[in-house]
Participant: 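Quick one: structure below, then a few questions.
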Amino acid sequence: MIEKIKQEIKNEIEKSILMKYESSAPVIVEEPKKASQGDISVPVFTIVKALGKPMPEIVSFVKNVIEESPWATYLEEITPMGGFINLLLKKSSVGKRIVEDFFSEEHFGSSEIGKGKTVCIDYSSPNIAKSFSIGHLRSTIIGHSIGNILEKCGYKIVRINHLGDFGTQFGKIIYAYLNFGDKEAVKQNPVEELAKLYVEFHELAKEQPELEDKAREIFKELEQNNPEYVALWAWFREESLKDYMKVYNLLKVSFDSYHGEAFYNDKMAAVIDELKQKNLLKKDQGAMIVDLGEAYPPALIQKSDGSTLYITRDLSALFYRKNTYHFDKVLYVVGNEQKLHFDQIKKVVDLMGYDFSDQIVHVNFGLVLQDGKKMSTRKGKTVKLEDVLQEAINLSLTYIEEKNPDLENKELTAEKIGVSAVVFNDLKNYRSGDFEFNLTDMVNFSGQTGPYLQYTSVRITSILESVDYHELTAFNPVFFEYDPAFEMLKQISIYKDIIEKSAEEYAPSILAKYLLNMASLFNTYYAKEKINVEDELERNTKCRLIYMVRNVLNDGMRLLGMQPIEKM
RNA sequence: GACUCGGUAGCUCAGUUGGAUAGAGCAACGGCCUUCUAAGCCGUCGGUCGGGGGUUCGAAUCCCUUCCGAGUCGCCA
């Protein structure tokens, strides 16, 4: 409703300028920074400049246009201040419309910008035989949330876990296992043992560089279906997946496809052939490359021993997805450090003569640093995700024991709060920034955190239950005249716009920041206003308002991949 | 060395199609629980928007330059 009023006023002004001055001028309709400056503001500088007319003339002209427009019925005051024209909304009539809009929609905030379109999202994608790290947590929760948000916008989503289950790393692990692995230990504790072997391999390879060649040799044979290696590969993969499922169950994350890199083993020859046919492949230093010109280093498609590389498999996967799902967009939720890789893929797709490289989006995110540096699996320098989640859950349980020891289902509630805290801590900041790993921050429960949102929602639920609120009771918008109440209504009215913006920018942080603001508005309101009052009409109006707030909070949390609760 | 991304309060970050006095949270300090959950609320303190030029009515935002940090740069993924 608010956005609509802004847009319509903008249209009216643009139209009138065209009619009167027979020329167009850029019109800005925005929200002022200070609440004291009104609800909507129109800076006229741009118009003055474009038309070359004196400021007072334009100010009175624009003011007049707004006064005459049909939307003036929603305006309380129109106040020119310097080069700005500030508008104050009529709180009760605008508030009434916002409430009506909210209850007329089946799923408030849903958008149709993605109707009929399909988006593939490649995310999580842990590397088999390595423990699930914080880095993969980022991909998992960012990807999952973007999927939810796009789904709310009407897109059909294909969630793909592109498992890192192939490549030279398998040569290394198989070599390590066969030469110094302990079968029983691996059976007992598969992922941990395999990760240990991987680290040991790299330590040994420092002294004996020829091991790298051995590993490449083994991988080449694995690629050619050596039965012994394939059996080990399958075993490692299965055990690792079992381990990852624990994390996915905690996070409530699931996928439509678990096709990893190995799935494309028999599909790469076709891509290589096509590249050959199109004369893009050339031999260089024994390997096969695609020359990408001045701007980028060449793409290495095939190693000198004939085995394939990451980009080869990614190209196969790309074409497979295009042909299978007919996507309108394919998102890769992968770290910043792979930017070049995706730039190269797009370039190769262009050179092959396809026109969909602009549908490929690298949804990049920042590194999780330790002591200011990238964590390294090879050196065994990673933090295990499970430990972090468990820490958050434990802390959450401690809080419950302290604050609400009689709560039912304490463990389950603690789990939801703890996991949601970790999820929110990641999503509240724009994804591309690096951040230093800090357990204290991740399990912090006060201020701009997941538990703050949970707590706010629970408070509202508690009130609604205590007054036994029903949606359809009568309300009186006169109670929306109170500023903190109207601020919440304004926020509610832009929920859909926030969702759309988050979707367009693949940025859950926009939604996260919005939810924090909404929760803060409620808590301010709650501290000042008694909701469960004697007067029935007043009580029902207030309940209707906080009911909307609670539903937006819960829906937003759900989109972020958090788990809303009723009590805590 | 080249390219990419970043530098805003002590810390973590919002804010960039150029707009009014640059905003939150944490930390510190001071208040608020006989009344709907204090995981909360209110207040105080805290800023050369990395530095220097430029564009203009107006720059954290755009351009140039420079410093600092991280990442990437053919046989890993």
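Computed from a predicted model, the values in this text were never measured in an experiment.
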Participant: From the options G71(B), G23(B), A20(B), select the nucleotide whose nearest atom is closest to the side chain of Ser41(A).
Facilitator: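 Of all the options, the side chain of Ser41(A) is nearest to A20(B).
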Participant: Among A20(B), G19(B), G74(B), which is the nearest nucleotide to the side chain of Thr46(A)?
Facilitator: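 The closest nucleotide is G19(B).
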Participant: Syn or anti for G30(B), taking syn as within 90° of 0?
Facilitator: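 Base orientation relative to the sugar is anti.
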Participant: Using only heavy-atom distances, determine whether the side chains of Tyr332(A) and Asp314(A) contain a donor-acceptor pair under 3.5 Å.
Facilitator: no
Participant: If the sugar-phosphate is the primed atoms plus P, OP1 and OP2 and the base is the rest, what is the B/S/- string for nucleotides 26-42 of chain B, using protein heavy atoms under 4.0 Å?
Facilitator: S--------SBBSBSSS
Participant: In whole angstroms, how far is the C1' atom of A77(B) from the NZ atom of Lys339(A)?
Facilitator: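 Result: 18 Å.
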Participant: Go through residues 282-291 of chain A and report each residue with a non-hydrogen atom lying under 4.0 Å from RNA chain B, sorted by number.
Facilitator: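 Under 4.0 Å from RNA chain B: Asp284(A), Gln285(A), Ala287(A), Ile289(A).
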Participant: Can a cation-pi geometry be assigned to Arg459(A) and Phe522(A), taking NZ or CZ under 6.0 Å from the six-membered ring centre and within 45° of the ring axis?
Facilitator: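 Geometry flag: not set, cation outside 6.0 Å or 45°.
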Participant: Can you tell me whether the base of C33(B) sits syn or anti, using the 90° cut around 0 to define syn?
Facilitator: syn
Participant: Could you walk me through whether Phe236(A) and Tyr177(A) satisfy the ring-ring contact (aromatic ring centres under 6.0 Å, His included) test, starting with their C-alpha distance in whole Å, then the side-chain angles of each, then the deciding distance to 0.1 Å, before giving a yes or no?
Facilitator: CA-CA 11 Å; Phe236(A) 296 163; Tyr177(A) 175 77; 5.6 Å; yes
Participant: Between A20(B), G23(B), G19(B), which nucleotide gets closest to the side-chain atoms of Asn86(A)?
Facilitator: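 My answer, after comparing the listed nucleotides, is A20(B).
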Participant: Quick one: sort the His341(A) and Tyr310(A) rings into parallel, tilted or perpendicular, breaks at 30° and 60°.
Facilitator: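 Rings of His341(A) and Tyr310(A): parallel, as their planes differ by under 30°.
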